[in-house]
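To keep things clear, I will list the structure first and then write my remarks on it.
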Amino acid sequence: MDLLTQPVSVSHYLVVGAVLFVCGVVCMATKRNALGVLMGIELVLNGANLNFVAFGSRILRSDSLGMDGQLMALFVIVLAAAEAAVALAIALNFYNNHASIDVDHADDLKG
Amino acid sequence: MAEFINSRLISTLLGWFNVDALPADHWLGFVLAGLVHTVLVIHVVAVGALVFIWMERKVSGRIQDRLGPTRVGGKFGWLQTLADGLKLITKEDITPANADALLFKLAPYVSFAASFAGYLALPFSDGWVGHQVNCGIFFIIAIVGMEVFGVILAGYASGSKWSLFGGMREAAQVVSYEVPMGMCVLIPVVICGSMDLITIGQMQAGFFTNWILFHDPFAFVVFWVYFTCATASVNRAPFDLAEAESELVAGFHTEYSGLRWSFFFMAEYGSMFLVSGLAAILFFGGWNGPIPIFGPEILNLAYTDAEIAAGTFRLGGYIANLAGCVNFIGKAVTGVTVMMWIRWTLPRLRIDQVMTTCLKYCVPLGAVCFVGVVGWQWAQLWSPNDLHPQQARISVRERGLIDRPVRTEGMARRAEVVKKAAWAGSVPVQAGETR
Amino acid sequence: MMLLAAIQWHTFFFLLFSLLTCGFALAVVFSSNVVRMAFFLTISLGAAAGLFFLAGAEFVGAMQFMIYVGGTLVLLIFGVMLTAHERFISMKTKAGEWVMAAFLGGGLFLLLVRATLMVPQWNAPNLQRDQVAQSEVHDSAAIGAAVSAYRADSLPSSSAPPAAAVPAGKSVYLLPFEIVSVHLLVVLIGAGYLARAKKRNPGNAWQA
Amino acid sequence: MSGEDFVARLKKRFGAKIAGANLQGVDPWIEVTPDGLVEVGEYLKAEPDLRFDMLNCISGVDYFEPDAKKASKAEWQPHIEVVYHLSSIAQKHTLVLKVILPRWKNNQPGQLPEVPSVTGVWRAAEWHEREVYDLSGIMFLGNPDLRRILCPEDWVGYPLRRDYEMPLEYHGIRGR
Amino acid sequence: MATYTDDPRIVEFDVRTDEMLVNMGPQHPSTHGVLRLVLRTDGEIVSEVQCHLGYLHRCAEKIGENLTPRQWIPYTDRMDYLAAMNMNLGWSLAVEKLLKYELPPKAKHLRVIIAELGRIASHLVGMGAYGLDLGTFSPFLYAFREREKLLDLFEEVCGARLTYSYLTPGGATADLPQGWLQKVEAFLKQFEPVIAEYHALLTTNSIFIKRTCGIGVLPPEMAINYGCTGPMLRGSGIDHDLRRDGEARYTDMYDGYAFEVIAQKNGSYPRDHVYPAVPPEAVLGDCWHRFYVRMLEVVQAIDLVRQGMERYSTTPGDWGQPIKLSTKLPKGEAYLETECPRGQMGFYLVSDGSAIPWRVRARSSCFCNLSVASELCHGCLIADVPAIIGSVDIVMGEIDR
């Protein structure tokens, strides 16, 4: 109950960010489906985003990064979208050429 | 609201039992206020869907030279949808053997939740909003885009090829239409300088010439683009490809029955109202009537800024707000009716034609209008709007009609930002800004 | 009653959203069905958007909804459906990989949390946050302004003239913003290039 | 389009492949042997003054009387006829061709009589031949997709044959 | 996204999806009854369509071998149940041809009136249902509003609204009731202006034009080769109508009537000065033209009904008593085709001299028209499949018999 009665601090956010980050890393490491790996990357990026936003939030800390945190988060989101599009295109091309989406089979680059 | 509940209702109640009054920011008030808001908004969606489905039947009936429902619940078949709802509840809830059961069961709720969440930021009248999000437009557009998610899930999880086609079509269509829709929505934002729907609504107060629709020719054109895109993004005919009953049987909800099926419908009608309401706020003055009966110009009943800031309650102000709410709902329902009218008139487009409409017509038109509106503002060309909005406020004040400061906080803040920045010497002051 | 009265509602919602975020992130990791993974990821990221809202970054939250949840994930699911062969829907991971990943992940997590908790400033909640929230310029217009040229949140006070390399009040984000825009354009063109129809000789593999 | 002259003209060209003709009936007809059918069809379609470009109908008619008493009185021997109704859109005239076949190939019940398919001449023949195959039990050699069309694919027997008996049961559904 | 292509065989997408076999039907909203189409699709592009028939097979031909011709009339009703009058007519004429039966002239005019009204009723459904196929519901109800009035008229004539069994060998089962012609005239007067509504809702609607123009183009040679008839054939620009070009026994009925075949000649339709112009996107033989031919045929049918009524009321004599039920058929065979709303419906009748025919055969118009559908659907989008099948205007009862 201690958790509930205390105001949220930056480190609360950082822990959540860490969980997302680690989940993403594990996801990237264990998934054999290329799209699963892609989802892991999204999780990692989001973990980072949470940190940026937390550091930039005036609500959590009075001497915060200010707007820079939010701006970085925005850049990350936008770039993640672009990255997803490119990665998806690669995955689909891989699928077309190999009739598989298993990244374990992706070790030959002959296409 | 929370303060009101705490300080007025609960404290009065407690007073009868000689218990100490609660502080204005007591949690109980917040919870109750939240509950009241939720229940209100749920009713807008759920009862709205009931009414709209009834209306759709009546409208389509009249369009098609027949009567529509006439029996259940009196002369006009008022209760037809309710009867149907009861029927749907009692129907067997079937999950196909091929379906991904978890996702299949969740999908309708995802759709409904997305549609419902949009109402969080939709103001029904001046200040009557679930939560005033300062980027409300953006929020609603994002949420409307979320609804597609439930549809895709339903399409995939049904384990039926027709459903899958429906889901894929929906995904392609909605993702594409978000682009022009975003552009169209930006235009009122550019004109008002705020993403806050309440601010945008407030700025259009006064006579109907102040509606953004009439701001300039580009804004006028862009409304039609917006309405087209909105129709497409909520999946209404002629863009209802995801369900396309003559091609895909019923598309993404082919395999659904009973209550789950009805959730999709609630979501659909909820979204229809949502985008129509957004259109009303963005282009048609929101809750402001064509003639400002309650405004300072005529009866002067509406709340003043000071009153809003202080949270005072006054009957006149309340009535003005109520009238605004009626006004707003009227406008939104008109939008919904037009969508119905279109649905029962036009044949359905083909998927590639839908894409063409989006990419070849809506996007370029939206872009041109965007540039046009920016140019219009920059050149300070004449506009029936009587405003570059904040100036209009000022001019009204100068004419001595009202003596209150610029009411829109967001505007004031932004003006301040610009002023400071100008001081910093980094940006030229934009045309139309106050110095 | 006492307990309820003591609850910080901001914290309550934070916990709610963070539980959703973390729970569904874990579900993503442990699910082997790729479509369900995508669905869990959506909820996880949606809840993360809620956390953004709670931190006062409303614009970023809405952005997260629109681009991540509405765009990127729909794209992902699209990809999932295009490759939705039965054998790719569920792909099991070998036990050895799980062990490896558990070690790696666990170590990483401990490291991160330790690092987090080591800085006392980060642990201290902001007790004046109500006042801060009032004065904070979190209008989306300010973000727009910051992206393009100037900053509303770090204007110099009149007493202290700017001395840094980047003058206070000015924003350094114009160039990155432009780069991102060009990048997006390139991606758009690339996507169009990939999806275009190619003419090939008649009687190709299509008929087989 | 079936006067004496026309028959003579065909006979001159195809000889024994024109097996006979009946010019007295309501609809006069010309009989063609199975091996000459495609050839005659191509000729009829190509010849500029004939131009039988449309195949209206193919029908199978089974001449068989299961009742022995009546059969003895019948004027014909049991046989099966395939009737081709042709018309010309350009020349506005019609023609009836017939191919007469034994009821069973080599007189062994169960072996379907064979006719070459005219699908190559008139595409319309494809479905008509399938229908005749389905209902009357005539094999059309060269039809690209000779499957049952109206009856289910696992149906037994040819319903429009005179000696056909409705099955007692089909997939658990009572027949007679 | 997939783009529309003329021939998928020469186009490949870099992002390819797997081919999918999809069942359209037997229970599907736009297959007009119980037709099953198996589509092979690559994304939204259909590469192959296979029709499976027989779900409505009711052994009409087999039944015909056990009934006298007049008794078989109700079975013809159930073939093309949307134009049952025309089915009755076709069979009656075939039987009369075998009997060499001469009709009284008044009966012929009666038959013209009834057959052309039947054509209007049928095309109304065809038109409305085509709207349904393209996703607009209202024209369907507008069409049925008028059709209902027509059915009222038929009901007055023969007591039935769908399966009339009115025209029989020898004439008709009864004369037209008193005052009926006035009612028909009143109906036609009311109906004529309504056609403009249909044109506004469908023919000239720009979405409709976009959905139908250039889709499912049927070249005239292919149409003939596949044995397509009726509006399918005329929609491809072939000037052929059995009412003019058919057998004497049938064309007799229309002798002296002012009548023009509805087909595009020299780039224009006989009546297109009155009705909307052909849109520039339309290609001869596409869905739009097939639809348009039907619309114009309705107008022409109105004209023929008017002429028929005038002749009927001025011709003295008998309206044509039906032949006796036990009339012996002469030995021999007869085949006759008539121009039904959906194409040429042929009946073939073989007799061994008894009252019951030895063999009865019905040549269905839709059967041939549908056989070309898989060729037309080659390489179209899924959404075009209902558009094409709808433009063929099939009635499964007639196909499966």
Side-chain angles (χ1 to χ4, degrees), chain A residues 1 3-16 18-23 25-27 29-33 35-36 38-39 42-43 46 50 53-54 56-62 66-67 70-71 73-75 77-82 84-86 88-89 91-93 95 101-102, chain C residues 6-8 10-12 14 18 21-22 25-26 28-29 34 37 41 45 48 52 55-57 60 63-64 67-68 71-72 75-76 79-80 82-83 88 91 93 97 101 105 108-109 112-113 116-117 122-126 128-129 132-133 136 143 146 153-154 173 176 180 183-184 187 191 194:
Chain A
M1 274 305 114
L3 262 181
L4 266 177
T5 50
Q6 263 185 5
V8 178
S9 69
V10 174
S11 45
H12 282 76
Y13 271 80
L14 296 191
V15 171
V16 177
V19 172
L20 281 190
F21 186 85
V22 169
C23 282
V25 169
V26 173
C27 211
T30 56
K31 297 294 172 193
R32 282 167 59 207
N33 190 326
L35 296 169
L38 206 54
M39 290 178 203
E42 307 289 344
L43 275 179
N46 243 272
L50 263 180
V53 167
S57 170
R58 283 270 157 87
I59 294 181
L60 302 178
R61 268 182 86 213
S62 43
M67 209 159 282
Q70 289 191 34
L71 286 169
L74 282 182
F75 282 130
I77 290 177
V78 170
L79 287 176
V86 171
L88 194 69
L92 286 178
N93 255 337
Y95 176 72
I101 195 87
D102 189 344
Chain C
I7 286 179
Q8 295 269 340
H10 187 265
T11 313
F12 172 79
F14 168 81
S18 57
T21 310
C22 299
L26 286 170
V28 172
V29 174
V34 71
M37 275 164 61
L41 187 63
L45 297 191
F52 292 166
V60 181
M63 192 91 164
Q64 167 106 345
I67 295 185
Y68 244 120
T72 311
L75 212 64
L76 254 179
V80 169
L82 288 178
T83 60
F88 301 131
M91 292 207 290
T93 310
E97 288 184 18
L108 198 57
F109 183 68
L112 285 173
V113 172
T116 299
L117 298 179
W122 296 353
N123 288 323
N126 180 12
Q128 289 89 41
R129 70 158 193 269
V132 173
E136 169 73 355
I143 292 183
D153 61 336
S154 58
Y173 288 107
V180 166
H183 178 85
L184 277 178
V187 168
L194 276 176

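The sequence lines fix the lettering, A, B, ..., with proteins before strands; numbering per chain opens at 1.
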Chain A interface, residue from Ser18(C), Ala101(C), Cys22(C) that has the most non-hydrogen pairs under 4.5 Å: Cys22(C)
I'd like to know whether His183(C) forms a side chain to side chain contact (heavy atoms under 4.5 Å, CB included) with Val78(A), so could you lay out the CA-CA distance, the side-chain angles of the two residues, the decisive distance to 0.1 Å, and finally the verdict. CA-CA 10 Å; His183(C) 178 85; Val78(A) 170; over 6 Å; no
Could I get the full list of ring pair (Phe, Tyr, Trp, His ring centres under 6.0 Å) partners for Phe75(A), not counting sequence neighbours? Tyr173(C)
Sub-4.5 Å side-chain heavy-atom contact between Asn46(A) and Gln64(C): yes
Of the non-hydrogen atoms in [X] and [Y], which two are nearest, and what is the gap between them?
X         : Y         : value
Leu43(A)  : Ala25(C)  : CD2-CB, 4.1 Å
Phe21(A)  : Leu108(C) : CE2-CD2, 3.6 Å
Gly105(C) : Val26(A)  : CA-CG2, 3.9 Å

Please enumerate all residues that pass side-chain contact (heavy atoms from CB on, under 4.5 Å) together with Leu26(C), with sequence neighbours excluded. Cys23(A), Phe30(C)
Proximal component of Val19(A), with respect to chain C [non-hydrogen, under 4.5 Å]: both
So which part of Phe14(C) gets closer than 4.5 Å to some heavy atom of chain A, the side chain, the backbone, both or neither? side chain
Most heavy-atom pairs under 4.5 angstrom with chain C, which of Val15(A), Leu74(A), Val25(A), Leu79(A)? Leu74(A)
